[in-house]
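Single-structure report; data block below.
We use all heavy atoms of the structure for the numbers below, so side chains are in, but hydrogens, waters and symmetry mates are not. Keep in mind that what you see is a predicted model, and the values were worked out from it rather than measured.
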Amino acid sequence: MRKVVYSMTMSLDGFIAGPAGEIDWSAPDEELHRFHNDRVRDVGVQLCGRRLYEVMLFWETVDQDPSASEILLEFAGIWEAIPKIVFSSTLESVDGNARLAREDIVGELTALQAQAGGDIAVGGAGLAARLVELDLIDEYQIFVSPVILGAGIPFFPALAARIKLELIETRVFGSQVVYLRYRRVRSASA
């Protein structure tokens, strides 16, 4: 069955964006960008909330920028090829290799998991929070950036129950970003 993977960069104090939604502190250097390119190649489908979809539209036009580096162009090509499902009640349409979904995240996820293909990536705090709350995330790939924001949009929602995880990979980058990869530990009866 396809894994559901939630991956984003967060501040040391657990935020994926600052109080005004700013993410300028999380821009990857070349080493980290290469790692992201390699990691995202394994994504079979990307689930996005509206805000993440709108931020990531940038990658649809990078190839039109004559000053874009090889690594940016490489990521743009990878990103454009990934099918995306955008969950939004406010968007009327989506562009590129994307389709719009209105409601049933669990139904969409169940159907995707039954299909063959690469990992199902989840991005965006609101959408990911719903899946975390429903305990539908199989793997967490967290990039901890050496910054404390003090407030903002949290990586994790408040939960009523614990989620047990197993650390399966770590890496420290030259930029001092720490990569933590955790797998959900599920009981044999689950």
Side-chain angles (χ1 to χ4, degrees), residues 1-23 25-26 28 32 35-36 39-40 42-56 82 84-91 100-114 118-172 176-190:
M1 182 152 30
R2 300 167 90 174
K3 288 185 302 188
V4 179
V5 178
Y6 175 27
S7 179
M8 293 194 76
T9 299
M10 76 174 186
S11 64
L12 185 61
D13 55 345
F15 299 103
I16 63 167
E22 64 276 12
I23 58 170
W25 53 272
S26 66
L32 186 53
F35 184 82
H36 281 302
R39 185 183 60 80
V40 174
D42 294 333
V43 171
V45 64
Q46 175 74 48
L47 307 183
C48 301
R50 179 193 52 82
R51 279 183 241 143
L52 180 65
Y53 165 74
E54 289 174 341
V55 166
M56 296 303 283
I82 297 171
K84 295 157 207 67
I85 301 174
V86 182
F87 289 85
S88 173
S89 59
T90 58
L91 289 175
L100 193 57
R102 294 285 179 204
E103 289 296 323
D104 186 18
I105 181 68
V106 175
E108 290 276 355
L109 194 56
T110 301
L112 289 169
Q113 286 177 310
D119 293 342
I120 302 166
V122 178
L127 180 62
R130 287 172 49 200
L131 295 179
V132 171
E133 289 165 348
L134 293 168
D135 195 17
L136 296 174
I137 305 292
D138 299 307
E139 195 170 291
Y140 294 86
Q141 297 177 359
I142 306 167
F143 294 84
V144 182
S145 190
V147 63
I148 296 173
L149 299 178
I153 300 169
F155 184 94
F156 291 105
L159 296 173
R162 294 179 188 158
I163 296 176
K164 187 167 173 52
L165 304 173
E166 173 187 15
L167 181 65
I168 56 175
E169 184 180 357
T170 63
R171 181 170 172 176
V172 179
Q176 299 178 28
V177 168
V178 177
Y179 173 64
L180 303 168
R181 183 173 162 220
Y182 290 95
R183 175 175 38 227
R184 173 69 169 98
V185 175
R186 299 196 188 276
S187 67
S189 62

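Looking at every heavy atom in both residues, Ser7 comes nearest to Phe143 through OG-CE1, 3.5 Å. The heavy-atom pair separating Leu52 from Gly124 by the smallest distance is CD2-N, 3.6 Å. Ala101 and Glu108 get closest at one heavy-atom pair: CB-OE2, 3.9 Å. The heavy-atom pair separating Glu133 from Ala158 by the smallest distance is OE2-O, 4.3 Å. The shortest non-hydrogen separation linking Ala151 to Pro19 is O-CD, 3.4 Å. For the pair Trp25 and Ala17, the tightest heavy-atom approach, listed with the atom from each and the gap, is CZ2-N, 4.0 Å.
Annotation: the span from Gln46 atom CD to Met56 atom CE amounts to 7.0 Å, rounded to 0.5 Å. Expressed to the nearest 0.5 Å, how far CG of Leu127 lies from OH of Tyr53 amounts to 15.0 Å. Separating the OG1 atom in Thr170 from the CD1 atom in Ile142 is a distance of 12.5 Å, to the nearest 0.5 Å. Between the CZ atom in Arg102 and the OG1 atom in Thr90 there is a gap of 7.5 Å [rounded to 0.5 Å].
Atom CD of Gln176 sits in a sparse spot, with 12 or fewer heavy atoms from other residues, nucleotides or ligands closer than 6.0 Å. No more than 12 heavy atoms of other residues, nucleotides or ligands shown are found within 6.0 angstrom of CD1 on Ile23.
A perpendicular orientation is assigned to the rings of Phe35 and Tyr179, their planes being inclined by more than 60° (bins at 30° and 60°). Using the six-membered ring where Trp is involved, Phe156 and Tyr6 have ring planes that are perpendicular, over 60° apart on the 30 and 60° scheme.
At least one side-chain heavy atom of Pro146 sits under 4.5 Å from a side-chain heavy atom of Val177. Contact check for Leu91 versus Glu54: side-chain heavy atoms found under the 4.5 Å cut-off. By the 4.5 Å heavy-atom criterion applied to side chains, Phe155 and Ser11 are not counted as neighbours. Between Pro28 and His36 there is a side-chain heavy-atom pair separated by less than 4.5 Å. Counting heavy atoms from C-beta outward, Ile137 and Ile163 have side chains that stay 4.5 Å or more apart. Side-chain contact check for Arg2 versus Val45: some heavy-atom pair is nearer than 4.5 Å. Here the side chains of Leu47 and Leu109 are in contact, with some heavy-atom distance below 4.5 Å. Residues Leu167 and Tyr182 are in side-chain contact: their nearest non-hydrogen atoms beyond the backbone lie under 4.5 Å apart.
Side chain of Asp13 to main chain of Gly150: a donor-acceptor pair is present (N/O by atom type, distance under 3.5 Å, no hydrogens or angles). Asp119 places no side-chain N or O within 3.5 Å of a backbone atom of Val43 that could act as its donor or acceptor partner. Without hydrogens or angle criteria, Lys164 side chain to Arg162 main chain gives no donor-acceptor distance under 3.5 Å.
Contacts of Glu139 classified as salt bridge (Lys or Arg N to Asp or Glu O under 4.0 Å), with partners at least two apart in sequence or in another chain: Lys3, Arg181. By the salt bridge (Lys or Arg N to Asp or Glu O under 4.0 Å) test, Asp135 is found to be paired with Arg184, Arg186, residues two or more places apart in sequence or in another chain being considered. Scanning for side chain to side chain donor-acceptor pair (under 3.5 Å) contacts around Arg51 gives an empty result, with sequence neighbours left out.
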Working note: Leu136 + Val122, criterion side-chain contact (heavy atoms from CB on, under 4.5 Å); need CA distance, chi angles, decisive distance, verdict. CA-CA 11 Å; Leu136 296 174; Val122 178; over 6 Å; no
side-chain contact (heavy atoms from CB on, under 4.5 Å) assessment of Leu12 paired with Val144: CA-CA 6 Å; Leu12 185 61; Val144 182; 3.9 Å; yes
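For the side-chain contact (heavy atoms from CB on, under 4.5 Å) criterion with Met10, the lone passing option out of Ile16, Val147, Leu180, Ile153 is Ile16.
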